[in-house]
Amino acid sequence: MDVLQIQNISHVYFSQKTTTTALLDVSLSAKKGEFISIIGPSGCGKTTLLSIMAGLISPTKGDVFIDGEPVQFGNRKTGYMLQQDYLFPWKTIEENALLGLKLSNKLNEENKMKTIVLLNKMGLTNVEKMYPKQLSGGMRQRVSLVRTLATDPKLLLLDEPFSALDFQTKLKLEELVFNTLKQFQKTAVLVTHDIGEAIAMSDRIYLLSNGPGTIHEIFDVPEKIRNRSPLEARSQPEYNVLFQRIWKELESLANKDEY
Amino acid sequence: MPTKMNIKLLHDEYKKALIRKRRQVLFFQMLIFLLFFALWELSSRLKWIDPLIFSSPSKIWDLFLSFMTDGSLPSHISTTLFETILGFLIGTGAGVIFAAILWWSPFLSKVLDPYLVIFNAMPKVALGPIFIVILGPNMTSIITMGAIIAVIITTIVVYSSFRNVDPNYVKVLQTFGATRFQCFWEAILPSSFPTIISSLKVNVGLAWVGVIVGEFLVSKQGLGYLIIYGFQVFNFTLVLLSLLIIALFATLMYKGVEWLEKKLIKSNE
Ligand SMILES: Nc1ncnc2c1ncn2[C@@H]1O[C@H](COP(=O)(O)OP(=O)(O)OP(=O)(O)O)[C@@H](O)[C@H]1O
Ligand SMILES: [Mg+2]
């Protein structure tokens with residue numbers, strides 16, 4: 001059964017004077033353990049789509065099912081990492097990372113230890129008692145990722161989770177997140193601007209086009225890349241072929257916008 | 001290394017300069033204080049000012065001592081202090097609670113908006129006589145006045161700070177399935193601590209106004225009563241003594257709030 005199922009979603013933002021159609025008739029799905037990526041030009045509705053999957057905003061039209069049930073506001077099945085870190089400035093790093101557990105009453109010694117270990121694995125040691133403003137942008141983004149992973153959600157929604165990281169750290173975290181998700185058979189949706197990252201990590205890539213956001217094309221990542229870790233995937237010949245294809249499509253979308 | 005030595009030396013000099021500046025400021029503050037009272041005493045003795053109206057520091061001091069020994073002053077002070085602190089706490093607390101209710105129900109807040117503006121613009125002390133009729137000429141009316149004078153402005157200020165909290169913090173909490181109460185407790189309230197503290201500072205002053213006017217009206221006990229009584233029997237030494245005591249305790253309360261601020265901001269860093 002599909003963990004995530006989206007059927008003919010459209011979303012319009014209303015304000016006093018204007019209406020913005022952010023999404024038009026978008027359908028997609030992900031099976032248990034699948035990793036899908038969404039790429040597309042800025043403003044094509046990627047964040048909107050994730051917010052709808054998380055149940056934070058209800059779509060103007062269409063349905064979202066998680067585990068076969070319609071998604072509801074305030075559900076605890078999804079873990080959503082926002083595009084910006086939004087760590088609470090008055091909480092320590094540890095308190096920030098444990099926030100999700102605290103809110104869902106799952107805070108115990110075991111989960112706490114796990115979270116600290118996860119922080120360490122991401123290269124954040126001895127920062128537990130510090131405050132967010134004492135950390136760099138990339139470090140904060142990792143704390144935000146830990147905060148989302150700590151609650152152990154069924155469905156992970158990641159909005160550009162590695163955008164503030166240097167290339168080295170980014171590759172390491174891709175490995176870490178990839179392996180963790182595969183190990184526990186988690187389903188995930190990744191929004192990214194990095195074509196390479198999308199290919200290396202996912203099973204399927206949805207390319208959205210602009211104004212209003214629709215699914216322009218779906219790329220299935222070849223078996224050979226899928227079974228490999230992100231780092232190894234990058235050295236496969238198929239990787240470059242797919243990269244070129246997606247790149248060309250993105251180019252054509254950008255050119256279409258110019259005229 | 002010569003550069004290293006220089007830096008340490010310069011830093012020491014810098015620190016010394018800071019201490020010197022601080023001493024200078026303190027010196028002039030003390031000087032003003034002493035000059036004020038000395039000049040007051042002198043001009044009163046030399047009849048540059050009317051000693052009947054402006055009294056003099058020495059007369060005030062004598063009165064203070066005699067009042068302290070017969071024990072009437074401490075009871076007046078403690079009455080007023082009790083009323084002020086209670087009025088202050090109730091006013092601020094109720095203001096924050098009302099603000100929370102308005103935040104909870106955006107519809108209610110839209111409906112009540114014009115009434116808050118009207119009530120805020122009205123001089124609350126003018127309601128004093130009504131309270132006295134309803135609640136009786138006693139401490140309850142006075143405390144009510146100390147509280148009512150601060151409650152609306154606190155509600156307005158704190159509510160607007162609740163609304164200005166970055167909605168993305170609430171969004172983060174909602175991604176974890178937080179309830180509305182959890183959103184309030186984890187994001188809205190802590191973000192608004194600085195505003196709540198600054199309205200506490202304003203409310204210290206307001207509570208004193210409310211209580212002193214209340215005591216004028218009820219005229220039974222307290223420093224406000226002493227002022228009115230002194231005025232009626234034309235004993236301005238008594239009026240000025242009460243004023244000085246009020247100034248002293250209002251300052252102490254203000255300092256107390258500042259201390260609280262330091263504690264809260266420390267955990268805020
Ligand atoms: N709260 C909102 N109110 C009104 N319009 C909005 C709102 N949020 C997004 N939009 C509009 O909806 C469209 C899609 O926005 P969205 O944030 O989903 O894009 P995105 O694909 O995530 O872009 P980016 O890659 O820059 O993050 C944009 O045109 C944007 O202006
Ligand atoms: Mg976005």
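Lettering of chains follows the sequences in order, A, B, ..., and the numbering in each one begins at 1.
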* Asked: Tell me, do Trp90(A) and Ser191(B) make a side-chain contact under 4.5 Å, heavy atoms counted?
  -> yes
* To do: Measure distances from Leu101(A) to the heavy atoms of chain B and classify the residue's part below 4.5 Å as side chain, backbone, both or neither.
  => neither
* Asked: Within a strict 4.5 Å, meaning less than it, do heavy atoms of the Tyr80(A) and Val172(B) side chains meet?
  -> no
* State, to 0.1 Å, how close Tyr169(B) and Phe88(A) come at their nearest heavy-atom pair, and which atoms those are. => O-CZ, 3.7 Å
* Do Lys171(B) and Tyr86(A) come close enough that some side-chain heavy atom pair is under 4.5 Å? -> no
* Over all atoms of both residues, closest heavy-atom pair of Leu103(A) and Gln182(B) -> O-NE2, 3.2 Å
* Is the CD atom of Gln134(A) crowded by more than 12 outside heavy atoms at less than 6.0 Å? -> yes
* Asked: For Trp185(B), does the CH2 atom have more than 12 heavy-atom neighbours from other residues, nucleotides or ligands under 6.0 Å away?
  -> no
* To do: Could you have a look at Gly100(A), Ser51(A), Gly74(A), Gly79(A) and say which one has the most heavy-atom pairs with chain B under 4.5 angstrom?
  => Gly100(A)
* Flag if over 12 foreign heavy atoms under 6.0 Å of NZ, Lys31(A) -> no
* Who wins among Lys77(A), Met81(A), Gln84(A), Lys102(A) for the most heavy-atom pairs under 4.5 Å with chain B? -> Lys102(A)
* Heavy atoms of other groups near Phe82(B) CZ, more than 12 under 6.0 Å -> no
* To do: May I ask you to test the Phe176(B)-Pro153(A) pair for a side-chain heavy-atom distance under 4.5 Å?
  => no
* To do: Flag the pair Leu56(A) / Thr175(B) as yes when at least one side-chain heavy-atom distance between them is below 4.5 Å, and no otherwise.
  => yes
* Count the heavy atoms belonging to other residues, nucleotides or ligands that lie under 6.0 Å from NZ of Lys106(A), then report whether that count exceeds 12. => yes
* Is atom NZ of Lys255(B) surrounded by more than 12 heavy atoms (other residues, nucleotides or ligands) closer than 6.0 Å? -> no
* CZ (Arg76(A)) with more than 12 external heavy atoms under 6.0 Å -> yes
